2 protein chains.
Amino acid sequence: MGVKLGILGLGTVGTGTVQLLQDLVGRHPLLQEIEIYRVGVRSLSKPRAVELPEGIITTDLEAIVNDPTVDIVVEVMGGLEPARSLILKALSHGKHVVTANKAAIARFGAEIFTAANQAGVYVMLEAAVGGGIPVIQPLKQSLSVNQINAVTGIVNGTTNYILTRMQTEGSNFDDVLADAQKLGYAEADPTADVDGLDAADKIAILASLGFGGRIHLEDVYCEGIRQVSKTDIAYAEKLGFAIKLLAIAKRTFSSPSSPLSVRVHPTLVPKAHPLASINGVYNAILVEGEPIGQVMFFGPGAGAGATASAVSADILNLVATLKTSTTNPNPLLACRHQDYCEIAPIAELVTRFYARFLTKDRPGVIGKLGTCFGNFGVSLESIVQTGFQEELAEIVVVTYDVQEGNFRQALAEIRNLEAIDSIPSILRVL
Amino acid sequence: MGVKLGILGLGTVGTGTVQLLQDLVGRHPLLQEIEIYRVGVRSLSKPRAVELPEGIITTDLEAIVNDPTVDIVVEVMGGLEPARSLILKALSHGKHVVTANKAAIARFGAEIFTAANQAGVYVMLEAAVGGGIPVIQPLKQSLSVNQINAVTGIVNGTTNYILTRMQTEGSNFDDVLADAQKLGYAEADPTADVDGLDAADKIAILASLGFGGRIHLEDVYCEGIRQVSKTDIAYAEKLGFAIKLLAIAKRTFSSPSSPLSVRVHPTLVPKAHPLASINGVYNAILVEGEPIGQVMFFGPGAGAGATASAVSADILNLVATLKTSTTNPNPLLACRHQDYCEIAPIAELVTRFYARFLTKDRPGVIGKLGTCFGNFGVSLESIVQTGFQEELAEIVVVTYDVQEGNFRQALAEIRNLEAIDSIPSILRVL
């Protein structure tokens with residue numbers, strides 16, 4: 001009496017998952033109870049890297065989610081539709097769902113989890129964030145005994161690869177992006193990665209699990225890495241920082257009832273911080289809670305094998321549940337929250353800032369800058385005055401903690417100073 | 001109808017756990033179903049950092065494990081006895097057990113898990129390794145879909161603190177140990193930590209979970225850090241390595257049926273390796289598997305809060321199981337294996353080595369060293385000849401991969417060379 005899987009999609013992740021489930025030596029023995037019953041694809045004629053018995057592969061995806069003999073639907077096709085509709089249909093038929101689809105979960109999570117709770121089934125999504133890294137289940141289980149204060153991650157491998165190469169080679173963003181596209185580390189249309197949208201999907205999911213409430217994706221503040229220049233990376237290096245695209249969900253003050261700040265932006269990370277040395281396509285997620293302190297999860301953020309591991313882990317969890325559970329929903333698998341988290345607007349964020357100014361009149365301008373900052377309560381931690389670009393002096397400042405709204409007001413005033421040519425970069429500092 | 005806990009011990013970990021369970025704001029709501037029913041202590045008169053209602057605290061620990069109303073026994077007293085007997089008695093009465101006792105589990109695991117399986121209950125031990133880091137449950141669940149090839153950890157905070165300070169300050173082992181004892185980072189009797197015994201207990205547990213077999217603790221090869229000198233740390237630095245006390249469990253060749261190598265020893269770790277930058281009292285566990293690749297878990301390896309988090313996570317898991325499961329044992333909580341792992345003797349280990357020689361006759365000796373190594377098939381990757389100590393020349397070599405037995409034979413021959421004064425250090429290289 002095997003547990004019957006209906007797999008939707010046989011691309012990279014689907015193929016990796018089938019390969020894992022076809023070679024069970026040295027893996028958890030419970031996987032032996034799984035039967036790959038149907039695999040839904042778009043084209044039957046496409047050559048495949050895995051062999052499946054006659055009759056398993058079909059182009060009729062609707063038939064899979066409607067088939068009463070299917071126990072678990074594994075959605076690894078990606079995209080918003082028809083993925084969303086197929087997931088909802090599977091749930092309405094009482095099937096558990098495993099998905100790697102961060103985009104669909106970040107947008108339709110409320111609808112999907114409501115449907116799952118109504119049907120008394122589970123939606124498992126370990127593969128949606130951090131590739132193979134086990135972080136979703138630890139957040140639902142082990143870490144949930146803590147009051148979570150912050151979840152901070154490098155959750156997009158493409159941008160981390162680009163920033164790492166810009167840092168080690170001193171190269172420009174455009175050159176590294178073009179090379180990354182050639183090497184297959186970045187897509188032909190890199191928007192979702194380099195503009196931070198993929199990271200925003202993922203931090204919405206992590207925040208929801210960590211803080212026990214739903215997140216409106218449009219509340220996630222998002223800045224990508226296109227405006228990060230090699231000049232800023234060099235200054236950051238000199239000041240003791242690495243620039244990383246961080247996805248951050250954090251309580252705005254240390255009380256479990258305080259609003260959250262949820263955001264994605266390039267960030268100056270102190271070299272000694274555990275996230276500063278996460279390089280290349282790797283991902284890492286740092287969780288801070290009371291009383292645990294800081295724990296970090298590190299690993300490959302993408303790739304067929306890593307993602308297949310996460311998908312298979314979810315399947316294993318569901319098989320164990322099917323084998324042992326009563327009809328009571330397991331509160332460590334179910335998504336327990338229904339309310340939305342209160343998200344503070346970015347203007348209320350309190351953070352340090354890094355800003356780079358090009359000025360015409362170097363000796364006089366420092367005092368004027370200082371006055372403008374002072375008018376809005378911005379204190380400066382360090383000022384670097386080296387560097388010239390096209391006869392303009394370059395001034396770099398790092399502030400102490402300041403409310404973003406105040407900092408922006410000071411900048412508006414500074415922009416009007418006659419001595420200021422431009423403000424090429426404004427970055428937040430961890 | 002709460003789940004009734006009987007807690008054995010109210011030291012650091014017990015107190016931390018009670019504190020967590022007494023302040024449930026912002027934590028998983030399932031924790032509200034827990035009742036701290038009895039707490040067993042040695043002395044009723046000792047002042048306590050937590051307040052408990054009249055009648056909860058008792059010195060009769062036997063009564064707790066025999067009490068039919070107790071659902072879960074939480075053993076946080078430490079030590080081998082009476083911890084072992086109390087755990088066994090609790091299991092025989094059908095109670096689930098949560099323990100932080102790595103020493104008892106590493107020694108009596110076979111007896112304890114057999115008793116648990118017979119009684120159809122679970123022994124949970126997240127707190128036994130890596131403090132608060134969720135690593136035991138991920139190994140049992142998510143990662144178990146992989147063929148595990150290696151588990152490598154910095155699992156002892158005291159020795160990592162000492163080695164980190166020796167590296168950053170250029171200090172001697174003895175001086176740093178004395179200071180660590182003064183600061184409370186090392187115990188008055190530091191044997192279990194600095195001789196690697198604590199790390200050996202922990203790698204035996206991790207190996208057992210990762211590779212699905214029991215481990216005889218006496219099969220774990222164990223070397224501590226007493227012989228690591230500041231000279232070696234400086235040479236390692238120059239060669240691009242940090243010296244770490246690693247606990248390693250690894251397949252000796254890449255087949256799921258190959259014997260394991262399970263060992264604890266100071267190790268030269270390449271600077272770019274993720275474990276090289278784990279400093280101070282932090283712990284980290286790196287798991288390598290197929291198809292996941294490398295994942296690493298990082299966090300506080302000890303402390304009341306971190307350990308209480310792990311203990312409470314185990315309790316939460318059991319409460320979820322008590323609420324939802326049938327009588328079928330959950331294969332993701334139970335300890336599934338009964339056979340012992342085959343462990344290869346250390347002489348069969350294939351590794352790189354670092355060795356430091358003091359020689360009398362510098363120009364002639366390099367050739368002789370090379371000849372001896374060559375006789376036993378040892379190839380040298382690098383040779384450093386700088387440094388003098390009391391009119392003796394110092395030669396440091398790093399080998400390519402070699403079987404330990406062959407390397408030791410070469411050393412025996414080298415020791416007999418007239419030009420060799422002594423071989424102060426022999427260390428393995430990751």
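Keep in mind that the numbers below use all heavy atoms, side chains included, and drop hydrogens, waters and symmetry copies. Keep in mind it's a predicted model, so treat the numbers as computed, not measured. Proteins come first, then strands; the chains are lettered A, B, ... in the order of their sequence lines, and each starts at number 1.
- Here CG of B:L143 is found 11.5 Å from NE2 of A:H28. Values are rounded to the nearest 0.5 Å.
- Residue B:L316 touches chain A through both its backbone and its side chain, counting heavy-atom pairs closer than 4.5 Å.
- A distance of 7.0 Å separates CG in B:L31 from OG in A:S144, rounded to the nearest 0.5 Å.
- Annotation: B:Y161, atom OH; neighbour count of heavy atoms from other residues, nucleotides and ligands within 6.0 Å is above 12.
- Atom CD of B:Q141 is separated from atom CG of A:L30 by 11.5 Å, given to the nearest 0.5 angstrom.
- Among A:S142, A:G293, A:A304, A:G299, the residue making the largest number of heavy-atom pairs under 4.5 Å with chain B is A:S142.
- In this structure, CZ on A:F298 lies 7.0 Å from CD on B:Q294, to the nearest 0.5 angstrom.
- Closest non-hydrogen pair, A:S309 versus B:V145, comes out as O-CG2, 3.4 Å.
- Annotation: B:K250, atom NZ; neighbour count of heavy atoms from other residues, nucleotides and ligands within 6.0 Å does not exceed 12.
- The shortest heavy-atom contact between A:D23 and B:Q147 is OD2-NE2, 3.5 Å.
- Heavy atoms only, all atoms of each residue included: A:G132 and B:I292 are closest at O-CD1, 3.2 Å.
- No part of B:I278 comes within reach of chain A, as not one of its non-hydrogen atoms sits under 4.5 angstrom from that chain.
- Contact between A:S277 and B:S277 at its shortest, heavy atoms only, is OG-OG, 4.4 Å.
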